[in-house]
Amino acid sequence: MNDVRVRFAPSPTGFFHIGGARTALFNWLYARHTGGTFVLRIEDTDRERNTEEALRVILEGMRWLGMDWDEGPEKGGAYGPYFQSQRAEIYREYLDKLKAVDRVYEKDGAVYFRLEGERYTAYDEYKKCEVEKVRATPQVIDDRIRGRVERAEEQDFVLFRRNGEPVFHFVNVVDDLTMGITHVIRGEDHLSNTSKHCELFKAFGVEPPVFAHIPLILKGSGPGKMSKRDSGSLVEEYQRRRFVPEAVRNYLCLLGWSPKDDREKMEIDEIIRLFDLPAINSNNARFDEKKLSFLNAAYLREMPTERFMKEAWDYLVGERALTERGVDVEAWGEEEQRYFETVMSLCQEKVRSIEDLPDFVAYFFTEDYSFDEKAGKKVLKKGDPKARLTEMRGALEKLDSFAEDELEATVAALAAESGAGTGEYIHPTRLALSGTNVGPSFYGLLRVLGRERVLSRLDRFLSRLSA
RNA sequence: GUCCCCUUCGUCUAGCCCGGUCCAGGACACCAGGUUUUCAUCCUGGCGACAGGGGUUCGAAUCCCCUAGGGGACGCCA
């Protein structure tokens, strides 16, 4: 451990926003890169919400994305408490420090911070009223991402509300100061606030920490930054939709940061090794769900089979995705579980997301699968599907083994005999067996369904064709 | 309105700090072709950008200025 101390300070609102997750991630990466300390601090000053549940959303989201913290909730640490709601005494104490150097005053029951400089009144076009302004010395921020930024605060600001509670700017600075935070990595939306924070740090007689303002994540389409109402903006959503957390994390890393070569899908250890503050971009990034899906599909394909099976089981059985599709999983025994695994290992390379899986595999588990009309039309319009299917059924019936190479040889022999292409056998058969023209490898499909299912489904389909 | 930040393909980005190797590279998406039994994967190719204008320079995506556009802040929200 060296002396780098960074923090993520979410407010438990009940949501874990993807922008917040990315801020947390950059802090976490920087801590891990430098061997420093990652602090999780909860800004729970708003007591009305069910903080228990709201906190859980954040902690679980953090864990889901693979971010562990060195100090904070459930962990403790030497700089606690890590909940703002438990730090009132510290805030009092630091208010006294400002009083001692005569930098605060009361007005309308609230406590204000007093800027130093010449005062004048001016009409404020934004607030639509006369306000008292101050010609304060500009604060110079040496931002690690943006370089030198200069901004002067021009109005005194509130530190404690009339109800006695401290405001964000104050607690944020006091917490960073008392927790020994060395680097503040946060969204660019805080850049303009930084002059306030610098004023406070200096009033306390300390040097401000190093700042690094990271770019914002903009909506996938339309103007403005991503907000919790936008689709795809909540970490919970990706958890619920069973995205691969590594894929989401990898995608988030790429929003504003890159390894400077052409790599994109990367191991987290490698990202940690390469991550650094100056390597972060300064321009905002638009959220691209398509690219996230692409990465998710790539992670899914390359996932160890056992893990894929577990993910699939949790969703299809655990969360009743198959039950909803009419499959009686309650009645499953050991044999069905083995069958499930066989199906999954056949389908892993084909499916793009766990979310797509139920519809992709439902016909393996029920005889009551639906037929895709469009696929049906397309497949049945050429050649003589009924004849091909009849030949197919006859040939399959005689086969003792449903090994893939034997199946393949059988179809090849049929095609050679009739002069029709293999496709004329394959496509209608797939349709008959699965109701669709999309699916896993054909011979794998036959092998996994097995002789009994295949023959009965073919019979059923053939009699439908005759009707 | 004021202040701050930003500006390379539709999107994410490399290149910019240390001007020439960039008629700008990669990825997603899209389109076409190939492989494959379908779909997907995979492979090949295509489409597609230095916001605009001024400088500086022999030479600018790279340095400077202006304009435009985008984003953010301006709460007794965090």
Side-chain angles (χ1 to χ4, degrees), chain A residues 9-13 20 43-46 84 107-112 122-128 131 133 138 141 143 145-147 149-155 157-169 171-172 187-196 213 215-216 218 220-221 223-225 251 254-265 278 281-295 297-298 301 347 349-352 360 375 378-379 407-408 411-412 415 421-427 429-431 434 436-445:
Chain A
S11 162
T13 57
E43 308 216 331
D44 59 344
T45 44
D46 184 359
Q84 282 183 346
K107 195 175 90 182
D108 305 327
V111 177
Y112 279 75
Y123 184 75
D124 189 311
E125 202 64 51
Y126 178 73
K127 291 177 184 157
K128 302 290 178 201
V131 295
K133 293 197 170 182
I141 305 146
D143 192 282
I145 295 167
R146 275 145 229 283
V149 177
E150 210 178 289
R151 186 174 186 278
E153 207 51 40
E154 39 180 37
Q155 283 179 57
F157 50 90
V158 170
L159 261 21
F160 280 74
R161 300 183 189 103
R162 200 183 326 194
N163 68 8
E165 282 181 8
V167 304
F168 163 75
H169 300 296
V171 294
N172 198 261
E188 198 238 34
D189 50 346
H190 284 295
L191 188 54
S192 319
N193 291 329
T194 309
S195 43
K196 270 191 192 76
H213 287 93
L216 265 23
L218 269 26
S221 61
K225 65 172 171 172
Y251 177 68
L254 261 20
L255 244 32
W257 175 87
S258 86
K260 308 298 177 199
D261 51 34
D262 294 333
R263 283 177 296 172
E264 294 200 315
K265 183 170 181 288
N281 271 122
S282 46
N283 45 317
N284 293 164
R286 206 169 270 280
F287 192 78
D288 185 356
E289 287 176 276
K290 290 243 180 83
K291 188 144 187 171
L292 207 204
S293 296
F294 165 80
L295 272 174
R301 261 197 311 279
C347 293
E349 61 166 16
K350 295 286 183 176
V351 74
R352 281 183 64 85
F360 196 83
K378 193 174 161 193
V379 168
L407 290 163
E408 193 165 356
V411 174
T422 50
E424 287 193 48
Y425 292 90
I426 288 165
H427 302 316
T429 306
R430 177 190 292 281
L431 180 72
S434 69
T436 173
N437 61 343
V438 178
S441 112
F442 178 68
Y443 301 109
L445 172 71

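Fair warning: this is a prediction, and the values are worked out from it, not measured in the lab. Below, read A as the first sequence line, B as the second, and so on, with proteins coming before strands; counting in each chain starts at 1.
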Sugar-phosphate, base or nothing in reach of A/S441, heavy atoms under 4.0 Å: base
Sugar-phosphate, base or nothing in reach of A/G439, heavy atoms under 4.0 Å: base
Closest to side chain of A/D124, choosing from B/G1, B/U7, B/G71: B/G1
Base paired to B/A73 (Watson-Crick or G-U; both N/O distances under 3.5 angstrom): B/U2
A/E188, nearest nucleotide to its side chain (from B/U38, B/C28, B/G72): B/G72
Touch class at under 4.0 angstrom, heavy-atom based, for A/Q155 against every strand present: nothing
Selected nucleotide, minimal atom distance to A/V167 side chain, candidates B/C76, B/C12, B/C6: B/C76
Opposite nucleotide pairing with B/U36, Watson-Crick or G-U, both atom distances under 3.5 Å: none
B/G20 pairs with, by Watson-Crick or G-U criteria that keep both distances under 3.5 Å: B/C58
Distance between P atoms of B/C22 and B/C16 (Å, rounded): 13 Å
Minimum-distance nucleotide to A/S11 side chain [options: B/C5, B/A78, B/C39]: B/A78
Sugar-phosphate, base or nothing in reach of A/G224, heavy atoms under 4.0 Å: sugar-phosphate
Side-chain N or O of A/S258 closer than 4.0 Å to phosphate OP1/OP2 of B/A14: yes
Selection from B/G72, B/A14, B/C4 that lies nearest to any side-chain heavy atom of A/V149: B/C4
Options B/A29, B/G72, B/U11, nucleotide nearest the side-chain atoms of A/S192: B/G72
Sugar-phosphate only, base, or nothing, as touched by A/R430 at under 4.0 Å among non-hydrogen atoms: base
Selection from B/G1, B/G72, B/C12 that lies nearest to any side-chain heavy atom of A/E264: B/C12
A/N193 side chain, from C-beta outward: closest of B/A73, B/G71, B/G15: B/A73
Pair A/K291 + A/E289, salt bridge at N-O below 4.0 Å: no
Sugar-phosphate only, base, or nothing, as touched by A/A285 at under 4.0 Å among non-hydrogen atoms: sugar-phosphate
Under-3.5 Å donor-acceptor pair between A/K291 side chain and B/A27 base: yes
Nucleotide nearest A/R151 (side chain, heavy atoms from C-beta), chosen from B/A14, B/U37, B/C3: B/C3
Lys NZ or Arg CZ of A/K350 over A/F360 ring: under 6.0 Å, within 45°: no
Sugar-phosphate only, base, or nothing, as touched by A/R263 at under 4.0 Å among non-hydrogen atoms: nothing
Sugar-phosphate only, base, or nothing, as touched by A/H169 at under 4.0 Å among non-hydrogen atoms: base
Sugar-phosphate only, base, or nothing, as touched by A/F157 at under 4.0 Å among non-hydrogen atoms: nothing
A/K225, nearest nucleotide to its side chain (from B/A78, B/G72, B/A27): B/G72
N/O donor-acceptor pair, side chain A/K350 with base B/C39, under 3.5 angstrom: yes
A/K290 side-chain N/O to B/C28 phosphate OP1/OP2 under 4.0 Å: no
Touch class at under 4.0 angstrom, heavy-atom based, for A/Y112 against every strand present: base
Side-chain N,O (A/R161) to OP1/OP2 (B/C77) below 4.0 Å: yes
Opposite nucleotide pairing with B/U7, Watson-Crick or G-U, both atom distances under 3.5 Å: B/A68
